[in-house]
There are 2 protein chains.
Amino acid sequence: MKKKICTLKELALKLNLSISTVSRALNNHPDISNETKLKVVNLANKLNYTPNLFAQGFRKNKTNMIGVILPNVTHYFSATILKGILKQAEVKGYRVFITESNNNVKKQSEMLHTMMQFGVDGILMSISKKTKNIKDILDLLDKIPIVLFDKVSYKIPCTQIVVNEEEASFKAIEHLIHTGKKRIAIIKEDEFSFSSERRFEGYLRALKENAIDIDKNLIISCEDLSLEQGRRMTKLLLGLKNKPDAIFAITDTAAIGVIKTLKKFNIKIPEDIAVIGFSNSLHSTIIEPKLTTVDQPGEKIGKTAIEYLVKEIESSEAYVSSKTIEIKTTLIVRDSSLKTTSFI
Amino acid sequence: MKKKICTLKELALKLNLSISTVSRALNNHPDISNETKLKVVNLANKLNYTPNLFAQGFRKNKTNMIGVILPNVTHYFSATILKGILKQAEVKGYRVFITESNNNVKKQSEMLHTMMQFGVDGILMSISKKTKNIKDILDLLDKIPIVLFDKVSYKIPCTQIVVNEEEASFKAIEHLIHTGKKRIAIIKEDEFSFSSERRFEGYLRALKENAIDIDKNLIISCEDLSLEQGRRMTKLLLGLKNKPDAIFAITDTAAIGVIKTLKKFNIKIPEDIAVIGFSNSLHSTIIEPKLTTVDQPGEKIGKTAIEYLVKEIESSEAYVSSKTIEIKTTLIVRDSSLKTTSFI
DNA sequence: CTGAAAGCGCTTACAG
DNA sequence: CTGAAAGCGCTTACAG
């Protein structure tokens with residue numbers, strides 16, 4: 001079903017004017033007399049005329065639509081980014097199309113394709129984990145502006161919005177060191193991932209700058225950073241002769257697994273073992289003790305992504321920028337790590 | 001910037017054929033010879049032709065776009081529904097436009113309007129809390145199919161997808177009764193809300209059918225169902241001469257506030273006071289003890305909503321359905337309530 | 001100040 | 001089997 005909708009033509013007919021005049025009157029064109037404008041606008045209101053943006057877009061070869069591809073909308077952090085995207089897109093006058101890739105590379109390609117077909121003006125994406133083949137993304141880059149956020153890849157020459165992963169991680173580890181911790185374990189991902197690697201770099205740098213030797217037993221890689229893996233890896237760490245006195249899980253979810261397991265074994269948090277997570281998810285204040293973690297400002301990431309994308313869309317030159325924008329994070333110290341005044 | 005994109009015209013020119021023939025060839029029209037089809041398809045692939053769906057839609061007066069309006073994408077339950085919507089929309093060949101109303105009624109109206117302008121084929125919405133004036137929704141209903149989900153209103157004559165609120169709540173209370181609880185408190189919303197009211201009805205019916213007197217002191221209304229309010233209301237309940245032996249918070253978030261407060265006062269959960277929430281949010285397994293709650297299948301709600309909407313869109317008659325579809329929930333018994341074998 | 005005409009990219013009834 | 005033409009709703013350069 002589709003009921004009839006008022007068009008310029010209908011207005012023109014009823015007013016005995018040409019379509020052009022009606023169009024101009026509604027767009028407040030200086031050529032049109034006030035009298036005519038008034039007549040047109042009145043009738044338009046009366047008949048509840050709404051311009052068909054689809055036709056407008058088609059005419060102007062500009063749709064004011066932006067496509068967004070992300071792995072999973074139900075992840076709180078993604079949803080938070082999405083919120084920023086929606087808010088800023090509205091400000092800038094763009095409509096947002098969402099699709100989920102569910103970390104499926106094939107689907108990701110299809111969505112990219114569909115977005116193109118649908119004539120979006122630009123694409124915002126967080127690339128799927130297993131994206132090996134970036135050829136189709138590269139091809140598209142020539143045709144349409146793309147901005148990457150969160151899950152990015154330096155191999156794709158376009159603007160990328162990320163969090164200051166390395167520094168955030170560095171600061172988290174320094175915080176632990178300042179509270180007297182010396183045997184700091186890290187739980188990271190085994191497969192290569194942009195953020196996991198950079199967080200690991202921060203870990204290494206913090207130890208190095210504080211003259212703490214690296215103990216390979218304290219570096220744990222696992223295939224995903226789920227709560228379950230957090231649990232398993234904690235048991236592994238507790239089995240060590242020389243136990244850690246702090247655990248940095250590069251994900252809140254894993255960190256919560258860590259806390260739950262430590263509690264089960266009656267280990268005091270943070271006195272015996274401190275715990276730090278990453279991302280300041282809602283869970284981090286539900287768990288007891290409350291989790292010390294790194295806050296990633298999702299809305300700001302989304303907002304920034306839209307801003308850069310719109311800038312590229314509206315730029316007249318066909319340039320491809322490839323800046324990397326780092327959004328600042330904040331370490332939020334809660335009960336799962338010791339307080340310290342010596343922390344600079 | 002916008003790089004050139006291959007069109008039918010370009011293909012026609014290069015092949016020395018008419019645009020019509022090229023169009024038909026690509027649409028696999030029976031009239032066209034295989035030879036021609038082959039030539040066309042080959043060139044199309046070579047030049048990476050993708051039909052402009054925007055133009056197609058415009059031509060056919062069908063955009064295959066669906067607009068979705070929801071209060072807040074960052075709510076896990078909403079995100080879950082969104083996931084279902086995205087998945088099923090893809091199956092049905094529709095693209096999804098998202099907007100957030102943030103419970104702002106004025107914004108909600110604007111979005112409805114924009115969606116119309118953008119020529120969406122149908123609208124899926126969860127109405128904002130304070131929606132008093134439904135006139136604009138009613139007006140729209142004549143022009144375009146609308147399906148409501150989650151936050152609905154019986155005053156709007158259209159298809160509505162909800163959860164079996166009353167029954168779910170009834171079963172939750174019965175579960176408590178079967179475990180021997182007799183003084184069951186409920187924390188609900190003070191302002192009228194569709195779901196709050198229906199959950200309250202379920203509470204009343206369960207008490208009545210089990211011949212338990214209603215104690216007004218145990219019926220607590222608050223303005224929002226936040227963790228903080230959960231805390232405050234718990235303190236209030238604990239101040240009663242005749243304390244409750246179970247608390248049903250009609251929201252997980254509030255229920256978690258309840259649990260945290262009970263723990264603070266060293267009250268044993270579930271022995272002294274049992275706690276039940278509603279919605280099976282991710283938090284419900286993070287909190288300790290794990291929360292007994294009602295699982296609402298968000299994906300299924302989203303999926304169902306799309307199905308009904310598409311049915312209306314694709315129906316030839318201009319009918320307005322106003323069925324209410326109830327999606328079944330499941331009570332998930334965890335550690336915040338007693339186990340029982342006598343539960344039928 | 002107003003109108004006729006072309007065109008955005010596509011589909012489709014009508015001819016041939 | 002193929003093509004010319006109209007039209008979806010709009011905007012805008014060109015005339016007058």
So A:Ser23, base contact, sugar-phosphate only, or nothing? Heavy-atom distance under 4.0 Å. base
In terms of the nearest nucleotide of DNA chain D, which residue is placed more toward the 5' end: B:Phe58 or B:Val22? B:Val22
Taking only the side-chain nitrogens and oxygens of B:Ser33, find out if one of them lies under 4.0 Å from OP1 or OP2 of D:dT2. yes
Which nucleotide in C:dG3, D:dG9, D:dA4 has an atom nearest any side-chain atom of A:Arg24: C:dG3
If you look at every heavy atom in A:Ser126 and A:Asp150, which pair is closest and at what distance? OG-CB, 3.8 Å
Can you tell me how far P of C:dT12 sits from CG of B:Asn28, to the nearest Å? 14 Å
Closest non-hydrogen contact found for B:Ile32 with B:Lys37 is O-CE, 3.5 Å
Answer with yes or no whether the side chains of A:Thr63 and A:Asp121 bring together a donor and an acceptor at under 3.5 Å. yes
Closest nucleotide of DNA chain C for B:Asp31 versus for B:Thr50: which of these residues is on the 5' side? B:Thr50
Let me see the working for A:Ile146 and A:Glu312 under side-chain contact (heavy atoms from CB on, under 4.5 Å), right down to the final yes or no. CA-CA 9 Å; A:Ile146 300 182; A:Glu312 289 192 33; over 6 Å; no
Nearest-angstrom distance from the residue atom CG of B:Asn61 to P of C:dT12: 13 Å
Taking the minimum atom-to-atom distance to the side chain of A:Thr21, which one of C:dC10, C:dT2, C:dC8 wins? C:dT2
Under a 3.5 Å limit for both distances, which nucleotide forms a Watson-Crick or G-U wobble pair with C:dA13, could you say? none
Could you tell me whether B:Leu17 contacts a base, only the sugar-phosphate backbone, or nothing, with contacts defined as non-hydrogen atoms closer than 4.0 Å? sugar-phosphate
Are there more than 12 heavy atoms of other residues, nucleotides or ligands under 6.0 Å from atom NZ of A:Lys300? no
Phosphate OP1/OP2 of D:dG9: any A:Tyr49 side-chain N/O under 4.0 Å: no
Considering only the P atoms, how many Å lie between D:dG7 and C:dA4, rounded to the nearest integer? 16 Å
Does a nitrogen or oxygen in the side chain of B:Ser18 sit under 4.0 Å from OP1 or OP2 of D:dA4? no
Over how many whole Å does the gap from A:Asn27 atom CG to C:dT2 atom P extend? 15 Å
Select base, sugar-phosphate, or nothing to describe what B:Ser20 touches, counting heavy atoms under 4.0 Å on all strands. base
